[in-house]
Amino acid sequence: MHKPIRVLIGKPGLDGHDVGAKLVSRALMAAGMEVIYTGLRQSARGIVKAVLEESVDVMGLSILSGAHIPLCRKISEEMKTQGLQDVTWIVGGNIPRRDHTKLFEIGVDGVFPTGTAFSTMVEFIQEKVKR
């Protein structure tokens, strides 16, 4: 028997819309993953601190505000400060295709725009986090 994949879902910045984050959390739980949801309006430092404290395999950010690039830069800086290189990092929300490459350059492993099938996210996570 293996341990379930642990995923933290965070809502950085001032974005107050979390229905999508909650739906993703439920879909991941239905796929057998343990999910920690940090709630709305989290700071980069707070999210990375939770990643460390919860010893998660995956950090998922839900960003609908359009501020995904500056928010991900802050998260990346905080992850480097804390020495977090082995956590799979995914981002979902209102993210135009033109910004995907920039997010990958920042350190994001997977980008899932609004409307991505839950099964696509589940399969990506299962592939990245082998048990």
Side-chain angles (χ1 to χ4, degrees):
M1 188 167 187
H2 57 80
K3 293 183 347 182
I5 296 171
R6 291 177 52 82
V7 181
L8 181 130
I9 301 293
K11 290 287 300 176
L14 299 177
D15 179 5
H17 299 88
D18 67 349
V19 172
K22 289 178 179 177
L23 291 172
V24 168
S25 294
R26 291 203 178 266
L28 298 179
M29 287 188 290
M33 299 179 201
E34 288 183 13
V35 178
I36 298 99
Y37 175 56
T38 63
L40 293 169
R41 298 179 184 93
Q42 299 297 308
S43 68
R45 181 170 286 142
I47 290 171
V48 173
K49 181 179 178 192
V51 167
L52 283 166
E53 289 174 355
E54 296 291 345
S55 298
V56 297
D57 304 298
V58 179
M59 175 181 64
L61 303 179
S62 171
I63 305 171
L64 296 169
S65 65
H68 44 276
I69 292 174
L71 288 169
C72 286
R73 282 190 180 126
K74 286 181 184 177
I75 296 278
S76 177
E77 290 169 14
E78 198 63 39
M79 289 177 72
K80 287 175 186 167
T81 299
Q82 297 299 326
L84 283 175
Q85 285 83 29
D86 58 344
V87 175
T88 297
W89 180 8
I90 60 175
V91 177
N94 276 345
I95 302 169
R97 180 154 300 282
R98 69 179 180 270
D99 292 342
H100 291 198
T101 299
K102 194 167 285 191
L103 290 171
F104 293 136
E105 290 169 357
I106 292 170
V108 173
D109 296 301
V111 178
F112 301 97
T114 302
T116 300
F118 295 137
S119 60
T120 301
M121 291 180 238
V122 167
E123 290 169 12
F124 179 85
I125 290 170
Q126 290 172 333
E127 183 62 33
K128 291 293 272 184
V129 182
K130 297 287 188 183
R131 292 274 194 234

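The figures that follow rest on heavy atoms only: side chains count, while hydrogens, waters and symmetry mates do not.
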State, yes or no, whether a side-chain contact exists between [X] and [Y] at a heavy-atom distance under 4.5 Å.
X: Ile9; Y: Leu28; value: yes
X: Val24; Y: Met121; value: yes
X: Leu61; Y: Ile75; value: yes
X: Val122; Y: Met33; value: yes

How long is the gap from [atom1] on [X] to [atom2] on [Y], to the nearest 0.5 Å?
X: Ile5; Y: Lys128; atom1: CD1; atom2: NZ; answer: 12.5 Å
X: Ile90; Y: Ile125; atom1: CD1; atom2: CD1; answer: 4.0 Å
X: Asn94; Y: Asp99; atom1: CG; atom2: CG; answer: 11.0 Å
X: Met79; Y: Gln85; atom1: CE; atom2: CD; answer: 7.5 Å

Say whether [X] and [Y] are linked into one hydrophobic cluster, either directly or through other cluster members, by side-chain heavy-atom distances under 4.5 angstrom.
X: Val111; Y: Phe124; value: no
X: Ile69; Y: Phe112; value: no
X: Leu23; Y: Leu40; value: yes
X: Leu8; Y: Ile106; value: yes
X: Ile36; Y: Leu84; value: yes

Main-chain N/O of Arg41 paired with Lys11 side-chain donor or acceptor, under 3.5 Å: no

For [X] and [Y], which heavy atoms make the closest approach, and how far apart are they?
X: Ile47; Y: Pro12; result: CD1-CB, 3.7 Å
X: Arg6; Y: Val56; result: O-CB, 3.5 Å
X: Gly93; Y: Leu64; result: CA-CD2, 3.6 Å
X: Cys72; Y: Val108; result: SG-CG2, 4.3 Å
X: Ile95; Y: His100; result: O-NE2, 3.4 Å
X: Glu78; Y: Ala44; result: CG-O, 4.0 Å

Verdict with reasoning, Arg73 to Lys102, per side-chain contact (heavy atoms from CB on, under 4.5 Å): CA-CA 10 Å; Arg73 282 190 180 126; Lys102 194 167 285 191; 4.0 Å; yes

Member of Asp57, Thr88, Val129, Val58 meeting the side-chain contact (heavy atoms from CB on, under 4.5 Å) criterion with Val7: Val58

Criterion side-chain contact (heavy atoms from CB on, under 4.5 Å) against Val48, the qualifying member of Lys80, Gln82, Glu53: Gln82

Verdict with supporting geometry, Leu103 and Trp89, side-chain contact (heavy atoms from CB on, under 4.5 Å): CA-CA 10 Å; Leu103 290 171; Trp89 180 8; over 6 Å; no

